[in-house]
Amino acid sequence: MLEKEYFPQKIEKKWCEIWDKENPYKADNNSPKPKYYALSMLPYPSGKLHMGHVRNYTITDVIARFKRAQGYNVLHPMGWDSFGLPAENAAIQHHANPQTWTLDNISYMKKQLKMLGLSIDWDREVTTCLPDYYKWTQWLFLQLYKKGLAYKKTAPVNWCEHCATVLANEQVIDGKCWRCDSEVTKKNLSQWFFKITDYSQELLDDIEKLKGWGDNVKTMQTNWIGKSEGSILKFKVKELDDLEIPVYTTRADTAFGITYLVVAPEYKDIEKLTTPENKEAVEKYRQNAKKLSEIERLSTERIKTGVPLGTHIINPFTGRVCPIWVADYALVDYGTGAVMAVPYHDERDFDFAKKYNLPLVQVITGDDFKEGEVYVEKGKLINSAQFDGLSCEEAKKQITQYAKDNGFGDFKTQYRLRDWLISRQRYWGAPIPIVYCPHCGEVAVDEKDLPVLLPTDVDFSVKGKSPIETSKSFKYTICPKCGARAVRDMDTMDTFVCSSWYYMRYADARNDKECFNRDIINKWLPVDQYVGGIEHAILHLLYSRFFTKALRDCGLLDFDEPFSNLLTQGMVLKDGSKMSKSKGNTVDPDEIYQNYGADTARLFILSDSPPARDFDWTDAGVEGCYKFILRVYRLFSKFQDKIKLNYSFDVKNLNKKDETLVRETHISIKKITNDIENEFQFNTVISRYREFTNAIYDYVKSENDINDDVLSFALLTLLKLISPVCVFMTQEIYSSLGAKNSIHDEPWADYDENLAKTSSLTLIVQVNGKIKDKIEVEQDLSNSELEQIAKNSAKVADAIIDKQIVKTIVVPNKLVNIVVK
RNA sequence: GCCGAUGUGGCGAAAUUGGUAGACGCACCAGACUCAAAAUCUGGCGUGGCUCACCCCACGUGCCGGUUCGACUCCGGCCAUCGGCACCA
């Protein structure tokens with residue numbers, strides 16, 4: 001029996017408890033059904049769920065439920081990206097242990113997720129900060145190490161003073177730390193890197209294979225990898241016989257126009273290249289450059305500065321002797337750190353040359369060339385000896401080939417992507433499983449000794465070094481090779497390492513012998529549908545793609561890309577701006593659960609915008625969705641005596657009114673199925689829920705001519721169609737109607753193509769493309785019949801009186817357009 | 001500067017292959033029910049015009065132009081907003 005009124009709080013609690021006990025959404029590794037892997041980006045356990053989480057997990061959950069109903073064996077897991085700085089900061093603030101803080105948060109948020117009614121297989125839950133997970137993160141590090149993909153080097157790296165740690169390039173946004181927004185400086189440190197640059201070309205090439213990814217993410221990755229095709233040209237130094245300066249250029253065609261050369265302040269041979277007279281000025285310039293923050297340095301507005309070194313290069317093409325300058329517009333970590341300057345054909349060089357009165361030589365000409373103005377357009381070569389008259393593109397090839405033939409150059413492909421710096425000078429991360437032995441040097445920890453456990457005897461209040469260094473038990477160990485006293489690497493890994501493979505672990509989460517079984521992972525992966533925020537477009541998604549390729553090359557798996565389809569959901573806004581604590585415009589999911597129930601939250605968060613677009617949270621919208629749920633419930637409670645779980649009827653014997661409802665039902669199934677399958681357009685799915693519900697209300701308006709079987713068909717179909725979204729309400733209704741199965745175990749509804757359209761249709765009649773009349777007609781009339789009907793219209797007759805019919809266009813089942821003169 | 005996305009009523013938005021622009025909802029307005037309110041139900045709701053009750057006419061999907069019997073949809077040229085990359089040689 002259905003209660004007269006619906007109380008979501010009470011009902012949702014009831015089903016939560018039942019589902020918690022039963023874990024009804026276990027994914028079966030051995031099912032014969034086709035697999036479907038639906039994945040949400042795993043949350044960081046910050047304390048409480050926010051609406052962004054609710055949106056993310058609801059989208060994935062509806063997809064998972066839809067696919068399950070369609071007969072797929074669905075894997076829909078959840079876990080916790082639980083290493084990272086906030087836990088450590090909280091520990092410092094509250095004098096708590098980061099682990100305690102993190103695990104408490106997880107247990108609270110897990111409860112919130114369950115209240116949201118997600119169909120997750122909780123047996124596969126993964127927590128990256130626990131040893132049974134990070135043991136394998138460390139193991140994977142060692143596999144990359146063995147393969148030469150993890151290496152240590154001393155390099156100028158990004159340093160965030162506030163977070164007291166280094167950062168990967170991807171974590172520096174406009175010269176600022178991605179986490180705390182403070183300015184990033186450079187420090188020279190010895191750090192661990194993953195050799196993601198070995199995969200630059202493959203990462204770029206395979207973007208094309210990612211058919212199910214949005215163009216925005218794909219271009220962002222393409223930009224980030226930053227491939228450019230150019231040439232290396234080497235220049236002899238006039239004053240130093242044994243020194244050559246190679247430059248990277250994409251404009252080899254302008255080589256005859258070189259009038260000077262620029263090296264970065266950090267250029268390795270800069271001291272050798274500086275003459276004694278210039279030493280002081282150069283040194284001063286370099287010191288100044290060092291002081292500049294990344295933000296200042298990167299500003300394109302800044303006026304270019306530089307000082308000459310006193311030495312010169314000889315342009316091998318022209319024999320011209322050109323001065324070498326140091327200038328900070330040359331970047332040490334791109335190309336070779338040295339740039340050939342062609343002021344007539346490059347804006348930066350032009351500005352610089354103007355300022356320091358360096359000569360200009362024109363070597364390219366074109367239609368809009370103007371004397372004395374920089375000309376960066378492509379054109380034809382002049383003043384370039386045997387290359388005169390060539391197009392720029394052709395000249396690039398020929399000039400580089402000439403340089404190659406004569407031993408002073410070659411073609412070169414350059415990428416902007418840098419290796420991934422993974423060391424962090426923080427406690428709350430997976431320790432890097434390396435020890436340093438006075439005899440053997442850098443040695444990998446033996447695999448059987450994993451995990452290298454995080455020490456607990458640490459002082460979190462220390463400043464200027466990682467808390468881990470305060471541990472007495474952690475630092476000293478024994479060399480796995482020779483048994484001598486050795487010290488551990490005191491750094492931990494970037495949390496993005498942990499999150500680069502968690503989706504693989506889900507496939508085989510409880511395996512304590514290996515990080516995952518190869519057959520099982522090959523069965524489940526790649527992920528069929530990944531859902532998450534756009535903020536990971538480069539970071540997490542690029543790292544995960546790299547990991548997949550690297551682990552493939554380590555022989556651990558057999559696929560090339562981790563995520564076949566990617567849905568980047570839009571932000572959740574309130575009053576036009578992103579929900580954030582600082583703006584005070586957040587909405588607490590707990591409050592929504594309490595006031596309206598999770599079904600309302602799920603329904604609303606999907607209702608107003610397509611998933612990829614930003615979503616504006618409004619209180620009125622929530623209210624409207626709540627009312628809809630009650631409206632549906634009322635329909636069932638009012639007519640529960642008429643509803644038959646085993647209905648049956650023959651469409652041929654139905655009256656017009658019944659047939660219309662049957663057709664509405666089929667139309668709804670078709671529309672909703674198509675809309676989910678096509679880009680997960682849940683907003684239109686929900687519109688159709690409402691239209692369909694309205695149609696049923698229409699049908700029951702006069703209660704005396706209701707066909708119970710037809711009504712049952714419509715109502716039970718509506719229930720199934722809504723069930724992926726409003727999981728509690730539909731479950732409650734279905735079970736109250738006496739059904740043995742859960743509504744969620746019932747198969748998806750099928751539709752009949754012939755019934756999924758209205759019996760009649762509205763014919764549009766136009767004269768010269770303007771609508772003159774709308775006429776109800778039967779489906780599938782012939783063109784001549786339609787034309788005749790149109791011409792019989794009085795309104796058409798009025799419009800074409802005194803005019804001559806030029807032609808008549810008939811679109812079957814749609815319109816007739818009469819063209820007159 | 002380069003690249004990508006977006007642009008439709010007061011608001012969120014919808015619209016297979018070009019074929020009724022504004023589905024569905026929010027807000028608003030009116031009516032029913034009520035002593036009253038809430039809830040619920042019914043209806044209306046782009047702009048302007050007219051000889052104005054429901055008819056009719058014109059305009060209307062960022063702007064300008066084109067193709068077409070017909071354009072939110074296709075083509076050319078712009079503009080604006082958001083996002084990514086960027087002294088990258």
Side-chain angles (χ1 to χ4, degrees), chain A residues 173-174 214-228 230-231 247-252 254 262 264 297-304 327-331 333-342 345-349 351-352 376 414-416 534-535 537-538 573 576 604 607-610 612-625 627-628 630-631 634 671 674-675 678 681 683-694 697 701 761-771 773-774 795 798 806-811 813-820:
Chain A
I173 316 290
D174 295 328
D215 284 340
N216 52 347
V217 179
K218 291 199 276 189
T219 18
M220 278 159 84
Q221 293 217 351
T222 306
N223 285 345
W224 190 258
I225 294 167
K227 181 179 181 175
S228 83
S231 321
V247 303
Y248 174 74
T249 181
T250 53
R251 291 299 302 271
T254 62
V262 176
R297 173 92 192 251
L298 293 174
S299 165
T300 46
E301 247 98 284
R302 233 174 90 241
I303 292 164
K304 289 171 189 33
D328 61 10
Y329 80 88
L331 306 173
D333 55 2
Y334 186 78
T336 63
V339 188
M340 63 181 220
V342 185
H345 305 293
D346 180 281
E347 280 186 43
R348 291 152 303 180
D349 299 343
D351 292 346
F352 194 82
V376 295
Q414 183 76 35
Y415 301 89
R416 201 153 43 230
I534 186 77
E535 66 273 17
I538 295 171
L573 312 177
F604 179 49
S607 66
D608 264 6
S609 310
R613 231 183 284 179
D614 286 351
F615 175 85
D616 205 0
W617 183 279
T618 59
D619 296 336
V622 181
E623 198 74 38
C625 286
K627 284 179 189 171
F628 174 71
L630 298 185
R631 183 171 149 87
R634 271 199 305 277
K671 166 96 173 121
N674 288 349
D675 282 359
N678 174 32
Q681 291 183 49
N683 54 329
T684 53
V685 167
I686 289 165
S687 307
R688 189 61 213 174
Y689 289 169
R690 293 177 187 274
E691 284 178 286
F692 187 26
T693 305
N694 292 344
Y697 263 98
K701 222 186 251 171
L761 56 87
T762 312
L763 180 73
I764 304 304
V765 184
Q766 299 178 326
V767 174
N768 285 348
K770 306 245 175 199
I771 295 157
D773 205 357
K774 299 173 188 180
K795 288 171 187 168
D798 281 353
V806 180
K807 61 172 157 177
T808 309
I809 287 131
V810 181
V811 182
N813 284 340
K814 240 169 209 156
L815 68 75
V816 175
N817 186 14
I818 300 166
V819 185
V820 294

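Every chain is numbered from 1, with letters handed out A, B, ... down the list of sequences. When reading the values below, keep in mind they use all heavy atoms of this one structure, side chains included, and skip hydrogens, waters and symmetry mates.
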Practice task
Using whole Å, report how far NZ of Lys770(A) lies from P of G19(B).
Solution key: 17 Å
Practice task
Specify the separation, in whole Å, of atom CZ of Phe615(A) and atom C1' of G25(B).
Solution key: 11 Å
Exercise for the section: Please determine, for the side chain of Asp608(A), which listed nucleotide (A89(B), C88(B), G12(B)) has the closest atom? Expected result: G12(B)
Fill in the blank from the handout: Correct closest heavy-atom pair for Val339(A) and Ala330(A) would be CG2-CB, 3.8 Å
Exercise for the section: Give a yes/no answer on whether the side chain of Arg348(A) brings an N or O atom under 4.0 Å of OP1 or OP2 in C88(B). Expected result: yes
Practice task
Have a look at Lys627(A) and say if it touches a base, only the backbone sugar-phosphate, or nothing, with a 4.0 Å heavy-atom cut-off.
Solution key: sugar-phosphate
Exercise for the section: For G9(B), decide between syn and anti, treating a glycosidic angle within 90° of 0 as syn. Expected result: syn
Handout entry: Candidate nucleotides G19(B), C24(B), U20(B), ranked by approach to the side chain of Arg690(A) - the nearest
Key = C24(B)
Practice task
State which of U20(B), C41(B), A86(B) makes the closest approach to the side chain of Arg631(A).
Solution key: C41(B)
Practice task
In whole angstrom, give me the gap between the P atoms of C56(B) and C75(B).
Solution key: 36 Å
Problem - Under 4.0 angstrom between Arg613(A) side-chain N/O and A14(B) OP1 or OP2 - result: yes
Problem - Interatomic distance at C1', C11(B) relative to C28(B), whole Å - result: 11 Å
Practice task
Calculate the interatomic distance between Ile225(A) atom CD1 and G4(B) atom C1'; express it in whole Å.
Solution key: 16 Å
Exercise for the section: Write down the distance separating the C1' atoms in C55(B) and G12(B), rounded off to the nearest Å. Expected result: 34 Å
Handout entry: Whole-Å distance separating the OH atom of Tyr248(A) from the C1' atom of A89(B)
Key = 9 Å
Practice task
Identify whether any heavy atom of Ser687(A) sits under 4.0 Å from a base atom; if not, whether one sits that close to sugar-phosphate; answer base, sugar-phosphate or nothing.
Solution key: base
Exercise for the section: Please examine the side chains of Gln766(A) and Ile771(A), heavy atoms only from C-beta on, and report whether any two atoms are closer than 4.5 Å. Expected result: yes
Handout entry: Side-chain donor/acceptor contact of Lys814(A) with base of U17(B) under 3.5 Å
Key = yes
Handout entry: Short side-chain N/O contact from Asn817(A) to OP1 or OP2 of U68(B), under 4.0 Å
Key = no
Practice task
Answer whether the closest heavy-atom distance between the side chains of Lys774(A) and Ile764(A) falls below 4.5 Å.
Solution key: yes
Exercise for the section: Describe the nucleic acid contact of Leu815(A) in one word from base, sugar-phosphate, nothing, applying a heavy-atom distance below 4.0 Å. Expected result: base
Practice task
Name the pairing partner of A32(B), where a pair is Watson-Crick or G-U wobble with both distances under 3.5 Å, or state none.
Solution key: U40(B)
Fill in the blank from the handout: G48(B) -> Watson-Crick or G-U wobble partner, both distances under 3.5 Å, gives C57(B)
Practice task
Report which part of the nucleic acid Asn694(A) touches: base, sugar-phosphate, or nothing (heavy-atom distance under 4.0 Å, all strands).
Solution key: sugar-phosphate
Handout entry: Distance between C1' atoms of G76(B) and U67(B) (Å, rounded)
Key = 11 Å
Exercise for the section: Could you work out which one of A89(B), C24(B), C87(B) sits closest to the side chain of Asp328(A)? Expected result: C87(B)
Exercise for the section: Describe the nucleic acid contact of Glu347(A) in one word from base, sugar-phosphate, nothing, applying a heavy-atom distance below 4.0 Å. Expected result: nothing
Exercise for the section: Using both distances under 3.5 Å as the test, list the Watson-Crick or G-U wobble partner of A5(B), or none. Expected result: U81(B)
Practice task
Determine yes or no for a side-chain-to-main-chain donor-acceptor pair under 3.5 angstrom, with Ser609(A) supplying the side chain and Asp614(A) the backbone.
Solution key: yes
Practice task
Please find out if less than 6.0 Å separates the ring center of Phe604(A) from that of Phe628(A).
Solution key: no
Problem - Heavy atoms of other groups near Glu535(A) CD, more than 12 under 6.0 Å - result: yes
Problem - Nearest-angstrom distance from the residue atom CD of Glu623(A) to C1' of A27(B) - result: 13 Å
Practice task
Please tell me which of the listed nucleotides, U40(B), A14(B), G4(B), lies nearest to the side chain of Thr219(A)?
Solution key: G4(B)
Practice task
Specify the separation, in whole Å, of atom CD of Glu535(A) and atom P of G84(B).
Solution key: 11 Å
Practice task
Between A14(B), G19(B), A89(B), spot the one nearest the side chain of Asn683(A), thanks.
Solution key: A14(B)
Exercise for the section: Please work out if Arg688(A) contacts a base, only the sugar-phosphate, or nothing of the nucleic acid, heavy-atom cut-off 4.0 Å. Expected result: nothing
Fill in the blank from the handout: Separation of A14(B) atom C1' from Asn674(A) atom CG, nearest Å, is 16 Å
Handout entry: Separation between the C1' atoms of G60(B) and G48(B), rounded to whole Å
Key = 10 Å
Problem - Separation of Tyr248(A) OH from Ser228(A) OG (nearest 0.5 Å) - result: 2.5 Å
Practice task
Name the residue closer to the 5' end of RNA chain B, choosing between Val217(A) and Ile809(A) according to the nucleotide with the nearest heavy atom.
Solution key: Val217(A)
Problem - Asn223(A), nearest nucleotide to its side chain (from G19(B), C26(B), C3(B)) - result: C3(B)
Exercise for the section: For C79(B), measure the glycosidic angle (O4'-C1'-N9-C4 for a purine, O4'-C1'-N1-C2 for a pyrimidine) and name it syn if it falls within 90° of 0, otherwise anti. Expected result: anti
Handout entry: Side chains of Arg631(A) and Thr693(A) in contact at under 4.5 Å (non-hydrogen atoms)
Key = yes
Problem - Note, Lys795(A) side chain near Val767(A) side chain (heavy atom, < 4.5 Å) - result: no
Practice task
Could you pick out which residue, Ile173(A) or Ser609(A), lies toward the 5' side of RNA chain B when each is mapped onto its nearest nucleotide?
Solution key: Ser609(A)
Handout entry: Atom-pair distance (CG on Asp675(A); P on A23(B)), nearest Å
Key = 17 Å
Practice task
For A27(B) and G46(B), measure between their C1' atoms and round to the nearest Å.
Solution key: 15 Å
Problem - Gln681(A) side chain near A15(B) phosphate (N/O to OP1/OP2, under 4.0 Å) - result: yes
Practice task
Determine the Euclidean distance between corresponding P atoms of C87(B) and G7(B); express it in Å to zero decimal places.
Solution key: 31 Å
Exercise for the section: Kindly say if Lys304(A) contacts the phosphate of A89(B), meaning a side-chain N or O under 4.0 Å from OP1 or OP2. Expected result: no
Problem - Counterpart base for C74(B), defined by Watson-Crick or G-U wobble contacts under 3.5 Å - result: G66(B)
Exercise for the section: Identify which nucleotide among G19(B), A86(B), U20(B) has an atom closest to any side-chain atom of Thr762(A), counting heavy atoms from C-beta outward. Expected result: U20(B)
Handout entry: Contact under 4.0 Å: Tyr334(A) side-chain N or O vs A89(B) OP1/OP2
Key = yes
Exercise for the section: Kindly say if Lys774(A) contacts the phosphate of U20(B), meaning a side-chain N or O under 4.0 Å from OP1 or OP2. Expected result: no
Practice task
Could you measure between the two C1' atoms, the one in G22(B) and the one in C45(B), and give it in whole Å?
Solution key: 12 Å
